[in-house]
Amino acid sequence: MYITDHPILGAEENTEMVNITVDGVPLRVRKGSMIAAALLANGIKVNRYTLKHHEPRGVFCGIGQCTDCVMIVNGQPNVRTCITPVEENMVIMTQNKD
Amino acid sequence: MKGTILENGYPSIEELKNAHRFPSEERFQKGPVAVIECLQPIPCNPCENACRFGAILVGEPIINLPELQEEKCTGCGMCVASCSGLAIFIVDKTYSATEATISFPYEYLPLPVKGQAIKAVNRAGEVVCDGTVTRVMNVKQNDHTPVVTIAIPKEFSDDVRSMQRLNVAPAEKDHECCADYTYDPADPDDLIVCRCEEVTVGDIRKAIAEGADTITGVKRRTRAGMGLCQGRTCSKTVSKMIADAKHLSGDKIPLDTARPPVKPVPFSVLAGDEDI
Amino acid sequence: MWSKKMKNADVVVIGGGIQGLSNAYYLSQRGLRVILVEQGDLANGTTSRSDGDNFVCDAAPGFTTSFTTAAVKLMVELVHNIGYDVDWLEKGAVMLAETEAELAVAKEIYQAKIEAGVKVRFMDQKDVHDDEPNTAPDIPGGLEFQEGGSLSPMLLAFALGEHIKAMGGEMLRFTKVTGFGFDQDGAVNKVITDQGDILTPRVVLAAGIWSTGIAKLAGLDIPVTTMKGDLLVVEPGVYITRRKTMEIGYALVRNENSGVERKITPFMQQHGVGFLVEPTGSHNALIGFSKYPADTVDSNCRVVNAIARRAIRFFPCISDANIIRTYSGLRPWTPDHEAIVSETSIPGFYLCTGHCGNGITNGPLSAKCLAQIMFNEPADFDMSKLSINRFQNQQ
Amino acid sequence: MLVNRQVAIIGGGPAGLTAAIEAAKVGAQVLIIDENARPGGQLFKQIHKFFGSKAHNAGVRGMDIGLNLLKETEESGAETWLNSTVIGLYEGNRLSVVRTMEDGSKKIHTVQAEKILIATGSQENTINFDGWTIPGVMGAGCAQTMINVNRVMPGTKALMVGSGNVGLMVSYQMLQAGIDVLGVVEAAPKISGYNVHAAKICRAGVPFYLRHTIIHAEADESGTLCRATIAALDEKWNPSPNTEQSFDVNLVCIAAGLRPLAKLAQMYGVEHGFIPELGGWMPLHDENMETNIQGIYVAGDTAGVEEANTAMDEGRLAGISIAQSLQLLPDQEAEQCKAEIRARLESLRLGPFGERRLQAKNRIVKKEVQL
């Protein structure tokens, strides 16, 4: 869910959207937002599965330190989605899903 | 009210009175007055500058508690929105024969409107009575700290300090005190410590038992800290585990080695160095 | 201090890396009371800074190839019997030629290895790409070595350590050797450390790059210097190739074979830069390599950058992959880049050091052969090739 | 490519920006390098009004202080590389920087600078409990970034673990964003942050669970957080049986303190000390924020975790010291400015909350830290 109005930050002025796909599903998300945030806004909390035990992982530090939110973005694995902004036509995949 | 400010999170009236931070009943009877519920020496003084009547004194050092010169206070409310800690209220016990008003900072949406019926809450957030909004002040200089004034039955004027937020269901204070999970202290060995390499408490304990006594020693035996984040998340936990196991203080466990790159970098970028 | 009382041992092994641990392991197996002395934690030196390859592909022809072939066999046996997971990946290795000239070298290596009984296949351009489609399309060919594999040198070191403990060996970590004692015949009889003294009739000095300094304490001059190498760690989960792959240049650089000119910049030439990739048992890969004299393990960023460029040359797919860490190690280097596995002029004082490359692979076999020397048993190899005397004779 | 600058500042947060402003406005050639698309560091997630005095911007919201600093930085003439990461610090004051160019491509640059300020901030600590890796469990700072910077709800019902100022403020800010905060869990017998912060969330009806800890988080079939269980702690700080309470939450925030991020300083051999009051291991510095290696400075959370106000003043101190050592500022003037800043810093560290930090900082400057 996006926070559209906020007592301190005011109403969201940036309403420009871009198109992305996540695991093949098209989504319209707010331009300039970080991938992880755009996904959270759409209820997507799992960014990757671990290699050993195939456990789901999501955003944890939010500032590019912990690398737990990495996904495959435009074919590139291990992209830290909490500090990478969405771009038009970005293709995003849950990492190590299967 | 049981407990102190440090346990409850808010001061009791007794604590306020004992600290001489509560206006006298005599002053209350003269009209609106500021109640400053700031009882900890923190370095802060905007309230002092906000009062144009010089009724609030902080002085030097800056950690002095704000002191209200109650005779100088007009109850104008300029201090309410200026307080970074949102700890100043205006109480007017002379509002009417039966009602008092409380003015408080209210940084939530939606804002109430004048005339709206609301639930008045005490310092603990418990609903104590019904109230009516008499004023909502949200001028630019408040910088997004609206000051809401509500009228409530007079007898609650020492307790009421805010109103229930309008967009949420009443808080489930007495949520079910049952649990569907039982704590088992016996075997937390499968708890993950290194999120990247999925190294567990058990793995690390084993490494420590085998002789590892540094973060690097644990890393070399277990791979904890060798993953994508390079130990940024787990190294402190690992260090604490070693310290606990060996009964050492934190300063006896050195940092793990710092090696470049401190953040991942693509091969193509490094390969682009013209100087090689 | 562990004790005011002196310790006693049948043999003191100095060094807690692969060499020291291998010696302590085999000597313990022979029933000796072993004390291993290490200045830091186990695997603290070059062992933790090595790739863990066990192949014969880059070994020089002749003695080195036959010794290394036996070493690989021994290592394979060891990892299968050791009872610990050491990230063993047995997939063979590939050596790639960059140019036709290098392909000619590949043919020579092929002939030599075949004659030495090594299982090797010659691959032309098509074979190389059929084998691994990620290889740069213009690579003209290479060699495939079907035996050997890679392991984590650190895990092997710790596994050996556990076995030594189980056999009753003692390991004194964070203990620094400060001197030696000798009897009236000049034979070693004591190891002096900062934690106390150890009485022993035998010492194996297996301290890698620290061997020169420690040998001096016994009055021995040994020609072990340091030769730096850098490694890059690739992020996990990126597929490059399924097995250890390196350029022929690796053998050329290692053996200082100057007959062929490699297509690299002068900077790369100076720093012995080339390409090597080793997928590990832990979902990531190590990329090498470099070889230049230096005495710190600080990373040299230009060398790292050069290695990155070289890696893209052979596997363009690596361009977008991330490097998450770099590290460097110092190889214990000798003038003829062969190890020293030898008795010395001091009775009871033995050397197992100077493994310039393939140190992990050759560790267990070196230790086994040194034990044969120690007990005057018939040796499996002509160990005069690795004797310290070969340098003294030169002088 | 080799780029030479007089001053390189790593990290464009509160400390880095103030240092840049002070040094650049007297004519130093300053380059700020920041990993993010926008400088300001963590200031933009701090939407509350700051404490302090007028000289500390008291009463101004962190994000507005951030905007002012950005403006001042621009006016000062300092140069800024955004989306650019320093990946290493090497001999000869050389920084290896992955710079994002205007066309979006990334290039490796070597920046050589006479003076280098490392102001890379801090990182959140964590606590481990069963289920702490489940999506929905995150750092309090992470939740704060999501709601205040990205304007996205990371969950709708939350439990906060930790009652320090970060835990209290983020709880309040979650309420402001419309997230229901079901409680604040604290292992200690008392609330550890400022009472005024605690009082705000009390008035909103958020209960505290003192002497409690989180012991379990549970995922639903989608693999994300749906429930968390806490338990009371006994006198040995172990969870006691039969005191478990479960909450239906989809967000658990961990506010377990912060620790300095100083890998670059460590890589360069800067002397570190273990100062628990300031987050543990940290690079040591003198009264001018210079480390034992001449020309290498630290400021802000990197030089010991405090808050944004102290970070800004430490940055100013570093900036002025740098300008002075470059002989861009007469000694007398510099010393006077520094004395004023030191006095301000001291006043920010007064009182029971700041006292330990003040003492720790004094120990560091007087070189009384055991190495």
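Within every chain, numbering begins at 1; the chains are lettered A, B, ... in the order of the sequence lines, protein sequences first and strands thereafter.
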Distance check, rounded to the nearest 0.5 Å: [X] atom [atom1] versus [Y] atom [atom2]?
{"X": "D:His109", "Y": "B:Glu274", "atom1": "NE2", "atom2": "CD", "value": "8.0 Å"}
{"X": "B:Thr4", "Y": "D:Ile191", "atom1": "OG1", "atom2": "CD1", "value": "8.0 Å"}
{"X": "D:Ser347", "Y": "B:Ile62", "atom1": "OG", "atom2": "CD1", "value": "5.0 Å"}
{"X": "B:Leu255", "Y": "D:Gln266", "atom1": "CG", "atom2": "CD", "value": "4.5 Å"}
{"X": "D:Arg211", "Y": "B:Glu7", "atom1": "CZ", "atom2": "CD", "value": "11.5 Å"}
{"X": "D:Cys202", "Y": "B:Arg161", "atom1": "SG", "atom2": "CZ", "value": "14.0 Å"}

Let's test your reading of the structure: which of [options] forms the most heavy-atom pairs below 4.5 Å with chain B?
{"options": "D:Gln176, D:Lys107, D:Arg61", "answer": "D:Arg61"}
{"options": "D:Leu168, D:Asn128, D:Val60, D:Asn195", "answer": "D:Asn195"}
{"options": "D:Gly131, D:Ala198, D:Ser96, D:Ala188", "answer": "D:Ala198"}

Residue pair [X] / [Y]: nearest heavy atoms and the distance that separates them:
{"X": "B:Asn8", "Y": "D:Phe208", "answer": "O-CD1, 4.0 Å"}
{"X": "D:Met267", "Y": "B:Val262", "answer": "CE-CG1, 3.5 Å"}
{"X": "B:Pro46", "Y": "D:Gly59", "answer": "CG-N, 4.1 Å"}
{"X": "B:Leu6", "Y": "D:Leu210", "answer": "O-CD1, 4.1 Å"}
{"X": "B:Thr233", "Y": "D:Thr126", "answer": "O-CG2, 4.2 Å"}
{"X": "B:Asp251", "Y": "D:Trp281", "answer": "O-CZ2, 3.4 Å"}

Flag side-chain contact, heavy atom, 4.5 Å: [X] against [Y]:
{"X": "B:Lys263", "Y": "D:Val98", "answer": "no"}
{"X": "D:His48", "Y": "B:Thr145", "answer": "no"}
{"X": "D:Ser53", "Y": "B:Asn45", "answer": "yes"}
{"X": "D:Tyr90", "Y": "B:Pro260", "answer": "yes"}

Please identify, among [options], the residue contributing the most non-hydrogen atom pairs under 4.5 Å to chain D.
{"options": "B:Gly272, B:Gly250, B:Pro105", "value": "B:Gly250"}
{"options": "B:Val193, B:Val201, B:Leu109, B:Thr257", "value": "B:Val193"}
{"options": "B:Val121, B:Ile192, B:Asp275", "value": "B:Ile192"}
{"options": "B:Arg232, B:Lys240, B:Glu60", "value": "B:Arg232"}

Checking heavy atoms, do the side chain of [X], its backbone, both or neither come under 4.5 Å from chain B?
{"X": "D:Val181", "answer": "neither"}
{"X": "D:Tyr194", "answer": "both"}
{"X": "D:Asp64", "answer": "side chain"}
{"X": "D:Leu175", "answer": "both"}
{"X": "D:Asn125", "answer": "side chain"}
{"X": "D:Glu186", "answer": "neither"}
{"X": "D:Lys106", "answer": "both"}
{"X": "D:Gln123", "answer": "side chain"}
{"X": "D:Tyr268", "answer": "neither"}
{"X": "D:Ile215", "answer": "both"}
{"X": "D:Ala58", "answer": "both"}
{"X": "D:Pro241", "answer": "neither"}
{"X": "D:Arg203", "answer": "both"}
{"X": "D:Pro189", "answer": "backbone"}

Does any backbone or side-chain atom of [X] lie under 4.5 Å from a heavy atom of chain D? Answer side chain, backbone, both or neither.
{"X": "B:Ile63", "answer": "side chain"}
{"X": "B:Glu37", "answer": "backbone"}
{"X": "B:Gln40", "answer": "side chain"}

(Q) Apply side chain to side chain contact (heavy atoms under 4.5 Å, CB included) to residues D:Asp130 and B:Leu191 and explain how you reach the verdict. (A) CA-CA 6 Å; D:Asp130 187 24; B:Leu191 202 64; 4.2 Å; yes
Q) Does a sphere of radius 6.0 Å around CG in D:Asn242 hold more than 12 heavy atoms from other residues, nucleotides or ligands, not counting ones at 6.0 Å or beyond? A)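 Not buried by this count: 12 neighbours or fewer within 6.0 Å.
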Q.
What verdict does the salt bridge (Lys or Arg N to Asp or Glu O under 4.0 Å) test give for B:Asp143 and D:Lys49, after you've listed the backbone C-alpha separation in whole Å, the side-chain angles of each residue and the deciding distance to 0.1 Å?
A. CA-CA 9 Å; B:Asp143 187 16; D:Lys49 292 176 179 170; 5.1 Å; no
